[in-house]
> 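This is the structure, below, for whatever I ask next.
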Protein chains: 2
Amino acid sequence: MSITAAEAYAPATVANLGVGFDILGLAVAEPGDTIRAEWSDLPGVTVADITGDGGKLPRESAKNTACVAAQSALKLAGETRGVRLTIHKGLPAASGLGSSAASAVAGAVAVNALMGEPLSRGDLLPPALDGEAVASGYHPDNVAPCLFGGITLAVGLTADRVYNLPVPANMHLALVTPHVEVATALARAALPAEISLKQMVSQTAGVAELIHAIYTGDLEHLAAAMERDRVIEPAREHLMPFMRNVRATAKRAGALGMVISGAGPTLMALCDSQSTAEAVASAMKAVYEMEGIGATAQASMVAPDGARVVRIERG
Amino acid sequence: MSITAAEAYAPATVANLGVGFDILGLAVAEPGDTIRAEWSDLPGVTVADITGDGGKLPRESAKNTACVAAQSALKLAGETRGVRLTIHKGLPAASGLGSSAASAVAGAVAVNALMGEPLSRGDLLPPALDGEAVASGYHPDNVAPCLFGGITLAVGLTADRVYNLPVPANMHLALVTPHVEVATALARAALPAEISLKQMVSQTAGVAELIHAIYTGDLEHLAAAMERDRVIEPAREHLMPFMRNVRATAKRAGALGMVISGAGPTLMALCDSQSTAEAVASAMKAVYEMEGIGATAQASMVAPDGARVVRIERG
């Protein structure tokens, strides 16, 4: 029997880790997007349905990250049949949790499963990046951890330029997403075009320290290194409501450090236990609620695996 | 019996490692500077003699890196007696091998030994940096490996901000110093004041990759990451005679990569065996000699230890 449908799940990701702007990212177990791919008589990749997006995502294939990624994967495998996708968004758009990357990765992984996996996981990076590019340009910092899991250092656009770093023991995360949208394009536009050489040295020092702390598994050092960013966060801080207050509150509740997740508005606090991460998530959420802003909070960990095939149908 | 004289040896160091500008450095076993410290009836720290510098180094205490470092160490220990230093320079000035850092470190280590070691090795970093600052400002990238040995990541001016990184197995170096002077101040002045955000991301990516490669012990990757510098080397290349030719020659002879050592003109090639490092050192030297420039070449390795006390006299 041949495969008639395949479903893939792709998780939320946290890009940047502060000073690791555009190169570092990590996967969390959930939430995530689930995409079902089926063969279609229509040519190319079309959208059968999208749920969970509040009607906001483009149904037009050329503008839909999952469709573009799926089409790119089909092309790479030399597959000419048409495919239709049913997209279940578990991730809110423009939240800083890698929503567009998750859709792109789930689309690519789903069609690869539908084809019987002619492509390796690494082969799927460029197609997933093609999909992500529709939403926010060629940036592997979310796509890489979404596809490969764990903590990734992505320094290029192919799998041989992505490195999995060790995940420190007891690395717990508190993730809080206030219900305000921060468009990635806007968050990018806020960044300075030029920085001083001194700032560059400060950023390279912070990144070097962060990789060192990840390898030595020193969570306090890791948190301090993440927060050494003096270029990106200062430029974006005004887009994140009450961020200073949320950071101070997170630290009072036991967090070791806090950074903007991706382009925000989700904030990620690093903690050394599940109970602390839960307390920190609640405390951060409460700050927004005091200010009349709804927020979603969760305690989480780094997910060792990235996207996965969750269903195969044969007929 | 009390200590009447102490001698310390401080080795050559290679700062920057390409993309790790201003933060990374490593110690090599030799050459180095040796400084003898003795109690003196004169107040403060004075120069008894300097050998091996061709008369170029300042004899005036306030301008001499070893004297300033020694004075700073004495002050830190609350010592008010006078000291005189005899400085044997094994390192050429303005060669990119951390000559001023070696004198500063040897001065600090020697007086600490003379005092009976009231200060820890880590305590000696700020005094050594005070000495180095006389020559080229507060930069720990040479002083840190000179004092602590191995490969160091220095992100601040105190010992708790310096981290020793693991030294990959089979890490061999070819060091070639053409007999031309490149003043550190000139090499600093050649650097751009501002860089683009895109360049910053490229540099942070290169540094992250370099630390990752050091931890994984992948020499090829380490060499490629070192060479990912697109900011410092392009701005300094014109100060290094025949650098492109030397690099191409080094690689033909088996080097995995090559970078400027510190501010130059010494060039450091990374190799994976002693025999290759020897062949590469000879080949690089030959390029200069073909052009009528004398050069000193050596095959070396990372020295696990930094400066050391080599003699104690009691009376």
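Labels below follow one simple rule: chain letters A, B, ... track the order of the sequence lines, proteins then strands, and each chain is numbered from 1.
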> Which residues from residues 16-23 of chain B are near chain A, with near meaning under 4.5 Å between non-hydrogen atoms?
B:Phe21, B:Asp22, B:Ile23
> For chain A, which residues from residues 190-206 of chain B have at least one heavy atom closer than 4.5 Å to it?
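Interface residues of residues 190-206 of chain B: B:Leu191, B:Pro192, B:Ala193, B:Glu194, B:Ile195, B:Ser196, B:Leu197, B:Met200, B:Val201, B:Gln203, B:Thr204, B:Ala205.
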> For chain A, find which of B:Ile232, B:Leu210, B:Ile211, B:Val231 contributes the most heavy-atom pairs closer than 4.5 angstrom.
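Going by pairs under 4.5 Å, I would pick B:Ile211.
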> Provide the closest heavy-atom pair for A:Ala208 versus B:Leu153 in the form atom of the first, atom of the second, distance.
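Shortest heavy-atom contact: CB-CD1, 3.5 Å.
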> Using a 4.5 Å heavy-atom cutoff, which residues in residues 159-173 of chain B come close to chain A?
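B:Arg161, B:Tyr163, B:Asn164, B:Leu165, listed by number.
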> Among residues 214-227 of chain B, which ones touch chain A with a heavy-atom distance under 4.5 Å?
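Hits under 4.5 Å: B:Tyr215, B:Thr216, B:His221.
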